[in-house]
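Here the structure comes first, spelled out in structure tokens, and everything after it is commentary.
Bear in mind the structure is a predicted one, so any value in this text is a computation, not a measurement. Throughout, a chain's letter reflects where its sequence line sits, starting with A, and its residues are numbered from 1.
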2 protein chains.
Amino acid sequence: MKLGTRARYGMRALVDIATYSKDEPVRLKEIARRQNVSLSYLEHIVGPLISGGILRSIRGPGGGVSLLRKPEDIQLVQVMQLLEGSLSTTDCVLNPEVCPRSEQCATRSLWAEISDAMHEVLSRKSLTDLLDRNDTVLEGSCVPQSFRRSQKPVSLSGNEASGDRGEASCG
Amino acid sequence: MKLGTRARYGMRALVDIATYSKDEPVRLKEIARRQNVSLSYLEHIVGPLISGGILRSIRGPGGGVSLLRKPEDIQLVQVMQLLEGSLSTTDCVLNPEVCPRSEQCATRSLWAEISDAMHEVLSRKSLTDLLDRNDTVLEGSCVPQSFRRSQKPVSLSGNEASGDRGEASCG
DNA sequence: ATATTGTTGAGCGTTTCTGTCAACAATACA
DNA sequence: TGTATTGTTGACAGAAACGCTCAACAATAT
């Protein structure tokens, strides 16, 4: 039940934008730099937030992305659905017809309750709830997961293509 | 945030055992048949439940698995942790030290709240809560996900090794 | 002994995830 | 108009996770 990088990076990007976009849009390149995410990847993460009506984008010099609504009007449940897709823990929760046993299933209601619990937490929250904390220190970040797994990734042929960033993700 | 088959099959196996093991243990082969899961796979799913103290196993003829405690004493939160591992949505929720930004992270507390919400639902529930429903109809089940994806799995060289089971999972 | 049943680890094919690259579209500005 | 800048999109690739099978093994009953 671990979240993917899309949800984690995407949510942090939103916080970043809300923090640094006072009147002008924020360049993706800057978000990528501050959040230690590759620009190429961030573009794909931000895409759904734009088409989903959370962000507005402006191309060309002086362009970037900015919030389409005020932070208090951005529901995190919508953000999560755009970033991660449906929040339901099984397909049968949302689409009972995919399973002939749905009506009489002993476990389906449990999966539904778990899904609802997550949904409820996110329904109660807006982007503002992530900004209340006084951590404007968005620069610097976490050791990426790959660094925590094996003792030595060894980095064959001295390739440090992703390692030279040094740190990237986590929360 | 979809559950894997381990959680789904494992939970259904527990319900199956609670239903069909009145005094004698239940053979894995029978659970596998009723739940439409392969025996080989079920063995691996059941393993953690045995080592985790949920199930007792007896080898040899007349053997099988049975509940080590009464259903009302089996907390679903423990079952889930054995089947799925930690319920936390990110590593930093449980181990803040994996991430230097944990203390000041804008998003970490959100991930923690979601994790807690799931944890709380499962903490309130025991296996009994899955047995209350009068669906002893555990036989037959769902169309496996692989059947819903492509139109035709095609089954190269007429191999129906897993296809001849016809249906398997879902809830 | 032998058949039965659970236990464990290795491994394999597929899918998903994470991320990169390249071509492209739109805009600002000279 | 042209050029640099910025976002948009799709194809793709490597890595990891997932789902599952197989085979060797251990324990038990008869």
Which whole-number value in Å describes the distance from [X] [atom1] to [N] [atom2]?
X: R56(A); N: dT27(C); atom1: CZ; atom2: P; answer: 12 Å
X: L42(B); N: dT8(C); atom1: CG; atom2: C1'; answer: 15 Å
X: N36(B); N: dG19(D); atom1: CG; atom2: P; answer: 17 Å
X: Q35(B); N: dC20(D); atom1: CD; atom2: P; answer: 14 Å
X: I45(B); N: dT8(C); atom1: CD1; atom2: C1'; answer: 15 Å

Next item on the list: State whether a side-chain donor-acceptor pair under 3.5 Å links S115(B) with T89(B).
Entry: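 Yes, a side-chain donor-acceptor pair sits under 3.5 Å.
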Next item on the list: Please check if any side-chain donor atom of S38(A) sits under 3.5 Å from a side-chain acceptor atom of S40(A), or the reverse.
Entry: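 No.
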Using a cutoff of under 3.5 Å, can you pull out all pairs of nitrogen or oxygen atoms linking the protein to nucleotides 2-6 of chain C, with atom names and distances?
unit_1, atom_1, unit_2, atom_2, d
dT5(C), OP1, R27(B), NH1, 2.8
dT5(C), O4', G60(B), O, 3.3
dT5(C), O2, G60(B), N, 3.4
dG6(C), OP1, L28(B), N, 2.8
dG6(C), O3', S57(B), OG, 3.2
dG6(C), N2, R59(B), NH1, 3.3

Note to self: So if I take every side-chain heavy atom of H44(B) and compare against dA11(D), dG9(C), dT18(C), which nucleotide ends up nearest?
What the structure shows: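 My answer, after comparing the listed nucleotides, is dG9(C).
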Check: With sugar-phosphate meaning primed atoms plus P, OP1 and OP2, does G47(B) contact a base, only sugar-phosphate, or nothing at under 4.0 Å between heavy atoms?
Finding: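 Nothing: the residue G47(B), judged by heavy atoms under 4.0 Å, touches no strand.
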Between [X] and [N], does any side-chain N or O lie under 4.0 Å from OP1 or OP2?
X: Y41(B); N: dC18(D); answer: no
X: S38(B); N: dT21(D); answer: yes
X: S40(A); N: dG19(C); answer: no

Check: Where do R108(A) and E103(A) land on the salt bridge (charged side-chain N to carboxylate O under 4.0 Å, His left out) test, with the steps shown first?
Finding: CA-CA 9 Å; R108(A) 177 172 174 266; E103(A) 295 308 314; 5.5 Å; no
Note to self: Any heavy-atom pair between the side chains of L127(B) and I54(B) that's under 4.5 Å?
What the structure shows: no
Note to self: The criterion is side-chain contact (heavy atoms from CB on, under 4.5 Å); which residues satisfy it with I58(B), sequence neighbours excluded?
What the structure shows: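 With neighbours one apart ignored, the set is P25(B), R56(B).
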Side-chain donor-acceptor pairs under 3.5 Å in residues 71-84 of chain A, sequence neighbours left out?
unit_1, atom_1, unit_2, atom_2, d
Q78(A), OE1, R69(A), NH2, 3.1
Q78(A), NE2, G52(A), O, 3.3
E84(A), OE2, G4(A), N, 3.2

